[in-house]
Amino acid sequence: MDEILLYRRDRGWGTRNHVLVLPLVASASGVARAIARGTEAVWVAHDYEPTPDDLQQNRDRIARTLAGFAANPNVAAALLVADTPERSALLDRIRAAGQRADLVVVTEAGGFRAAVEQGRGRLEALLSGAAAARRERAPVSALILGTECGGSDALSGITANPALGAASDHLVDAGGTVILAETTELIGAEHLLARRAASPQVAEAIYTIIHRYEAVVRAHGEDIRGANPAPGNIEGGLTTIEEKSLGAAKKGGTRAIRQVVEYAVRPAAQGLVIMDTPGHDIEQMVGMVAGGAQVAVFTTGRGTPTGSAIAPVIKVATNSHTASRMQDNIDLNAGLILDGTETLESMGRRIYEAVLAVAQGETTKAERLGHREFSISRYPFAVLDRAGAAR
Amino acid sequence: MSAARPAVLLLDARDTAAIALAPLQPGTAVDVRRGGETVRVVAETLIPFGHKIAVAAMAAGAPVIKYGEVIGVATAEIRPGQHVHVHNVRSDRAR
Amino acid sequence: MAEAPPTFRGWKRPDGALGIRRHFLVIPSVVCAAQAARTAAEGAPGAVAIEHQHGCAQLGGDAHLTEQVLAGLGTHPNVAGTLVVSLGCETVQGAALHRSIAGRGQRAEFVGIQQSGGTIAAVAAGRQALERLRNGAASDPEVALTWADLRVGIEAGWLGIPPAQARVFSEVIDRLLRAGATVMQAVPDGRDGPDPRPQGARGAAGPVPRDAATLPYATPPGGRGAFRMEAPRSRIAQKTGLAAAGAHVILSPLVEGLPAGCPVAPVVHVGIAPHARPFAGDVDVMLDEIPSAGAAAAVVAALGRACLEETALEALGDFEMAIHRIAPTM
């Protein structure tokens, strides 16, 4: 199958046709919620609040995440909710990316209630504009697939991640793009990844982003254990970050790595790319979706229900026990590989076919349950900048 | 559990630990194909599902190998059949 | 002639704490459990689910601070019972959080998503747990409280409150202290940048005396009186920290940004003109550029009203939460 049915936008192809209400600051979350309530629009909340001591690198990181999320091709139109008029720069940026967007500024609207009323009016216009969209024939290569693992156990690196890797290879071979992320969960596997880099620059970038996170941990005088591996990973049999990473890296399959991008940056290359994100499940998903991922596969050993407000997330369990216990939240069971009823190859095929089906409208459990987790990664490297400046 | 599924899984011939695909009660003997030969190890304590059982001896300070790669360092002497996990292995990274 | 001091309807908790609300707090120990927490709370009388972005992939000290804040909210005197909803694999372990809250004498329940077998089962178990908490809390005796039983948290206003309006806050704090209330003033860490307030306004929004004891972020005071609390610049994180320290009610000078509520404590917004003019309908008191003579009394009265009855923001179910971060996520 090299053609699938997607929504055509100026800035790419979408697997969904959402209208998004997006608060630009934490205190606007309540207004966003009130505007979206009872409508077909989706909305998210977050806890980012700009303060005078906020670093420029942090503001940039947050801004590009919000802009990328709002401009994702799965979003037909976005209504931004801001506290003050200064935020309108983000509206311009989102429109410049080719996205249909509008803005409500609470102070200009005249307070909370007035902002909700104004927001409802503007949202209605965006909703009726989006209603006309229809799917068209699109190349499979239009897909950017986000890959993630969470609640990992020892089986993650044996069943679900390698099967996802096989699916990843299929998509890359079809001309699509696959994002491998969670940099802290690549610590210990970097040499294997660097070997597959398409160029020396990409190889160097792989080492750089991984060593950078290690340096952050050391600079904070902390031990990464507890954060990574997490207690659930350890209960599930993963002993060290290296062991977890060797299993995590398998999500990326076997194809060459074309590019390394920063958090929430859209890949310029097609094929397999690495995005620098933390291992925090939600921050990672948001980063990939802000970078243009229209669909994601999320493997899990212990089980996790999370999704994304604007991109369908396919949950793949590593083992039949979790797949059955958490069947309300799990879409596919890679534990069948261990049970002998599927091979790595056949499971990889199944995941790939699920990606195509979901991209064309089949819903996932996380979608049906309305999961809309949203969390923005803050700039993590200030401690290194300060140490560098002090030298 | 089907008879076709082995009790443990060794991912690479160089690995010093294998993964239990079912909980192994203490005293359970398992045969592991490692390189060209079969190694028999006896679980010294309970090895939970997904956890590692040593298939080769490791001295304190020796690397622990899984996936054919170093996943950590033994913090004490480890005998074949012992549970290999956070109590006797430490990471080499990110501390 | 002195008026009788105002009294507020309150409840006495099993651990002896006195509160002015009867919230049943649903705390997800990790961001991944927030949806299940929210759904379990929906429609449950008195249930308030909080939402945060933490609990996953946090480094030691940062994870510890998150747990401390969540435990502080879970044991808040305005909370009649707490349900912890855990995923199971998270850095900030839900089971440990539940034990910590229960160990401090709070009525507490626990639900684990992985343990229950998914979110649908967890939500059902959560609803039953909330019912048990409600039934248990029915025995909390009603008591009449005065200012002397209450802690008032005061947010800082870093953009600088002009001197005339700042004096009103000083007077408010004096009145509260004279009435016997305990006051906690959030003080942003001065190290992270120059103080943008004009010289004459320094000390404004910080009228608690310099020799008052300083509390670390989100730490309850050991006794009564006036305290300063270390806090970040984020106003929402200040509210959360004051609440975690046991503030029954929070005073928020609205000098910048939007009004925002708090899950466990009513927030009284004092609009600082001219910035807050657009929020005239949303704030509880508007302070003109030249405040009226009765302004401080009006603010204290608004605080009293918020202790007595549900505020507009509470009725809307509108509040925000943010936990101070001391390290990046991993």
Side-chain angles (χ1 to χ4, degrees), chain A residues 152-159 161-162 183-192 210-211 213-218 220-229 231 233-250 301-302 318-322 335 337-341, chain B residues 1-12 14-24 30 32 43 45-55 58 60-76 78 82-95:
Chain A
S152 296
D153 63 4
L155 279 310
S156 298
I158 296 168
T159 58
N161 288 352
T183 310
T184 45
E185 290 164 36
L186 298 178
I187 295 173
E190 60 269 32
H191 55 296
L192 300 173
I210 288 168
H211 293 160
Y213 258 113
E214 285 190 277
V216 166
V217 175
R218 273 195 305 271
H220 276 281
E222 292 273 15
D223 190 327
I224 200 173
R225 289 169 301 179
N228 235 329
N233 301 142
I234 292 170
E235 256 175 65
L238 291 172
T239 307
T240 63
I241 185 68
E242 301 95 300
E243 183 179 9
K244 183 174 178 182
S245 298
L246 288 163
K250 297 207 181 280
R302 315 291 285 175
T318 69
N319 65 89
S320 297
H321 179 73
T322 296
I337 297 169
L338 276 185
D339 299 346
T341 55
Chain B
M1 191 179 68
S2 80
R5 197 213 288 208
V8 297
L9 184 61
L10 192 75
L11 296 172
D12 186 285
R14 293 162 288 180
D15 290 354
T16 56
I19 300 123
L21 295 182
L24 298 178
V30 285
V32 185
T45 53
L46 171 68
I47 315 287
F49 171 71
H51 285 229
K52 293 177 288 298
I53 180 171
V55 299
M58 287 164 271
V64 179
I65 315 282
K66 181 185 167 186
Y67 301 110
E69 303 279 339
V70 176
I71 62 160
V73 173
T75 55
I78 303 178
Q82 283 191 313
H83 186 200
V84 178
H85 203 31
V86 292
H87 56 282
N88 54 15
V89 179
R90 67 160 178 83
S91 165
D92 224 1
R93 307 291 296 269
R95 18 173 76 230

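As a basis for the values below, the full set of heavy atoms in this structure was taken, side chains included, without hydrogen atoms, waters or symmetry mates. Proteins get letters first, then strands, A, B, ... in listed order; numbering begins at 1 in each.
- Most heavy-atom pairs under 4.5 Å with chain B, from the set A/V216, A/D153, A/T318, A/L192: that is A/L192.
- Within the model, atoms CZ of B/F49 and CG of A/L155 stand 4.0 Å from one another, a figure rounded to the nearest 0.5 Å.
- Interface remark: B/V64 contributes no atoms to any contact with chain A (heavy atom separation under 4.5 Å).
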Checklist line | Derivation of the salt bridge (Lys or Arg N to Asp or Glu O under 4.0 Å) call for B/K52 and A/E243 | finding: CA-CA 11 Å; B/K52 293 177 288 298; A/E243 183 179 9; 2.8 Å; yes
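- Counting only distance, with no hydrogens or angles, the side chain of B/H85 and the backbone of A/E235 share no donor-acceptor pair below 3.5 Å.
- Note: A/T159 OG1 to B/L9 CG = 10.0 Å, rounded to the nearest 0.5 Å.
- Considering only heavy atoms from C-beta on, B/Y67 comes within 4.5 Å of A/K250 through its side chain.
- In this structure, B/D92 CG and A/I187 CD1 are separated by 12.5 Å, a value rounded to the nearest 0.5 Å.
- B/G50 approaches A/A154 most closely through the heavy-atom pair O-CB, 2.9 Å.
- Contacts between A/H191 and chain B at a heavy-atom distance below 4.5 Å involve the side chain alone, from C-beta outward.
- Counting heavy-atom pairs closer than 4.5 Å to chain B, the top-ranked of the candidates A/K244, A/H211, A/E190 is A/E190.
- Between the OG1 atom in A/T239 and the CD1 atom in B/I71 there is a gap of 5.5 Å [rounded to 0.5 Å].
- Here the OG1-CZ distance, from A/T240 to B/R90, works out to 11.0 Å after rounding to the nearest 0.5 Å.
- The CG atom of A/L238 sits 6.0 Å away from atom NZ of B/K66, with the distance rounded to the nearest 0.5 Å.
- The shortest side-chain heavy-atom distance between B/E69 and A/E242 does not fall under the 4.5 Å cut-off.
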